[in-house]
Amino acid sequence: MKKRNRLAALAIAAAMTATMFAGCGSSDSASSSASGDTASSGDGYDITFILSLRDEFLSALEAGAQDNAPDGVNLTTQDAQNDAAKQQQMIESARNAENDAIIINLVDPASAESMLESAGDIPVVFVNRYPTDDSVLEAGKCVYVGSDELTSGKFQGEFLVDYFNEKGQTDITYVMIQGTLGQTSTTNRTASAVKALEDGGLNITLKGAELAGEYDRATAIEVFSPLISTGEIDFDCVISNNDAMALGVIEAMEQKGLNPADIPIVGIDATADGRQAIKDGKLAMSVFQDPNGQGKGAILAAVNLIEGNALADGTDYEANEDETVLWVPFEPVTPDNVADYDNR
């Protein structure tokens, strides 16, 4: 692996080659090549960031890493196109190139151990998707940066408790649109929302079965539409594991001539489209998951692993006691504060 104290030695070379990097600083986003590669930032530590795919949220997370890469960091980002085998090959290539660290947004959280084996001795930061087996996390070598999914669903449930309390309604029937089954985020978002409803004193009944929307708008339309095939609403609210699926629910209702504002539909991520739906009165609330914060946390955590610093050094966030997780807080977004998140 490259020597970690090489930054000073490369200072002169960096100055001589500055013109080579004009327009490619850490605040820029280079266009993707056919292989899905982009590059940003300087000369010194070589870090590869391998995305599971580039959707709206993960593209913003990627930009957060690029925009916050410290001077002296050469950050390359790649898109595995939701292919775990391709992601593993990219990790092996980063190892063979003697990268100083690798940031991984896992295609499959259950593959974390295998991905670590492919990385060899290179420090690894998992970001956004928590490993199914978190025993792979090890202070100083392998860490996680993301948001506590148990709080995301909790915010959804607490909002709904307040909503139904104001109506004086304690018996509710809810629809649950889940993300990819088996992912930690899906499990925790679902469980924490249900727990918050129960803790709030509501008597809840699931409408039919939990629906697998794969965190995808089109899939959500497909799985939700049969519930409104009669053109009637016989449930009290819809809980979605993310905004994209919540927007699919809204679209499906509008296709049937139903008004999505008639019942509370709640999402997670507070994406640009999700925030607009809140402003339009179609989405009752969302939960802000900070992509810029996660990207920033991931790149700074990678540098801290390389340099042997405490995990949270230089960040605005807190690490857990074991120094294996850096938490970026979730925040509830409602009609009252949605405008505050337009520039986040």
Side-chain angles (χ1 to χ4, degrees), residues 56-57 60-61 64 146-177 179 185 188-202 204 215 217 220 224 233 235-254 258-296 316-318 327-344:
E56 180 185 355
F57 179 85
L61 192 156
S147 303
D148 184 355
E149 301 291 359
L150 290 173
T151 63
S152 60
K154 179 174 178 284
F155 284 133
Q156 289 180 311
E158 289 175 344
F159 175 90
L160 292 171
V161 167
D162 290 342
Y163 174 89
F164 288 113
N165 281 344
E166 288 182 8
K167 293 183 63 177
Q169 181 179 350
T170 57
D171 296 328
I172 69 163
T173 299
Y174 70 97
V175 174
M176 178 65 72
I177 311 289
S185 58
N188 289 348
R189 291 181 182 192
T190 300
S192 58
V194 171
K195 185 177 187 300
L197 294 175
E198 294 172 338
D199 289 348
L202 298 181
I204 59 175
Y215 291 115
R217 183 170 182 162
F224 177 75
I233 301 174
F235 43 85
D236 300 298
C237 63
V238 178
I239 303 170
S240 173
N241 282 169
N242 79 342
D243 283 353
M245 296 186 298
L247 294 169
V249 167
I250 291 169
E251 184 174 342
M253 293 181 70
E254 291 178 332
L258 299 171
N259 183 1
D262 286 345
I263 61 169
I265 302 168
V266 298
I268 293 173
D269 287 340
T271 62
D273 288 343
R275 296 194 306 273
Q276 187 59 52
I278 293 174
K279 296 173 186 177
D280 294 340
K282 297 178 180 180
L283 185 66
M285 66 87 67
S286 186
V287 182
F288 179 62
Q289 182 178 199
D290 187 353
N292 181 71
Q294 290 188 14
K296 177 181 179 181
D316 301 322
Y317 314 118
E318 294 184 0
W327 291 122
V328 181
F330 277 110
E331 302 169 32
V333 180
T334 68
D336 293 334
N337 67 354
V338 62
D340 297 339
Y341 290 84
D342 284 343
N343 297 314
R344 292 287 298 272

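Predicted model only: the values in this text are computed from it and were never measured.
- In this structure, N259 contributes its side chain and A261 its backbone to a donor-acceptor pair below 3.5 Å.
- Nearest approach of C237 to I172, heavy atoms of both residues: SG-CD1, 4.2 Å.
- The main-chain N or O of A244 is never found under 3.5 Å from a side-chain atom of R217 such that the two would form a donor-acceptor pair.
- Nearest heavy-atom pair, R189 versus N242, reported as atom, atom and distance to 0.1 Å: NH1-CB, 4.0 Å.
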For this session: Applying side chain to side chain contact (heavy atoms under 4.5 Å, CB included), run through M253 and K282 and close with a yes or a no.
Result: CA-CA 10 Å; M253 293 181 70; K282 297 178 180 180; over 6 Å; no
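- Inter-residue side-chain proximity for V194 and M176 is flagged as met; some heavy-atom pair is nearer than 4.5 Å.
- Side chains of K296 and V328 form no contact here, defined as non-hydrogen atoms less than 4.5 Å apart.
- With salt bridges taken as basic N to acidic carboxylate O contacts below 4.0 Å, one links D342 and K279.
- If you take CD on Q156 and OH on Y174, they are separated by 12.0 Å, rounding to the nearest 0.5 Å.
- From N241, atom CG reaches atom CD1 of I177 across 9.0 Å, with rounding to the nearest 0.5 Å.
- Annotation: side chain of P260 is in contact with side chain of E254 (closest heavy-atom distance under 4.5 Å).
- Within the 3.5 Å criterion, the main-chain N or O of F235 finds no donor-acceptor partner in the side chain of T173.
- Between L247 and A277 the shortest heavy-atom distance is CD2-CB, 3.7 Å.
- Considering CG of D236 and CG of D171, their distance stands at 9.0 Å, rounded to 0.5 Å.
- At a threshold of 4.5 Å between non-hydrogen side-chain atoms, the residues S286 and Y341 do not count as touching.
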For this session: Just do the side chain to side chain contact (heavy atoms under 4.5 Å, CB included) check on S240 and V249 with the steps written out, would you?
Result: CA-CA 9 Å; S240 173; V249 167; 5.6 Å; no
Exercise. What's the verdict on side chain to side chain contact (heavy atoms under 4.5 Å, CB included) for F330 and I268, showing C-alpha distance, side-chain angles and the deciding distance?
Worked result: CA-CA 9 Å; F330 277 110; I268 293 173; 4.1 Å; yes
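- Pairing each heavy atom of A246 with each of I265, the nearest pair is CB-CG2, 4.1 Å.
- Residues W327 and E318 are not in side-chain contact: their nearest non-hydrogen atoms beyond the backbone lie 4.5 Å or more apart.
- We find the CG-CZ distance between D243 and R275 to be 9.0 Å, quoted to the nearest 0.5 Å.
- For the pair D199 and K154, the salt-bridge criterion is not met [side-chain N within less than 4.0 Å of a carboxylate O].
- Remark: the backbone N or O of F159 is not paired with any side-chain donor or acceptor of D162 at under 3.5 angstrom.
- Atoms CD1 and CD1, on I204 and I239 in that order, are 7.0 Å from each other to the nearest 0.5 Å.
- Shown here for V333 and A270, the closest heavy-atom pair between the two residues is CG2-CB, 3.9 Å.
- Looking only at side-chain heavy atoms (C-beta outward), V266 and Y163 stay at 4.5 Å or farther from each other.
- The closest side-chain heavy-atom distance from F288 to P329 is not below 4.5 Å.
- Here the OG1 atom belonging to T151 is positioned 7.5 Å from the CD atom belonging to E149, to the nearest 0.5 angstrom.
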Exercise. Should Q294 and F57 be marked as a side chain to side chain contact (heavy atoms under 4.5 Å, CB included) after you check the CA-CA gap, both sets of side-chain angles, and the distance that decides it?
Worked result: CA-CA 11 Å; Q294 290 188 14; F57 179 85; 4.2 Å; yes
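- Residue P332 comes nearest to M285 through the heavy atom pair CB-CE, 4.2 Å, listed as atom of the first residue, atom of the second, then distance.
- Donor-acceptor pairing under 3.5 Å is recorded for the side chains of S185 and Y215.
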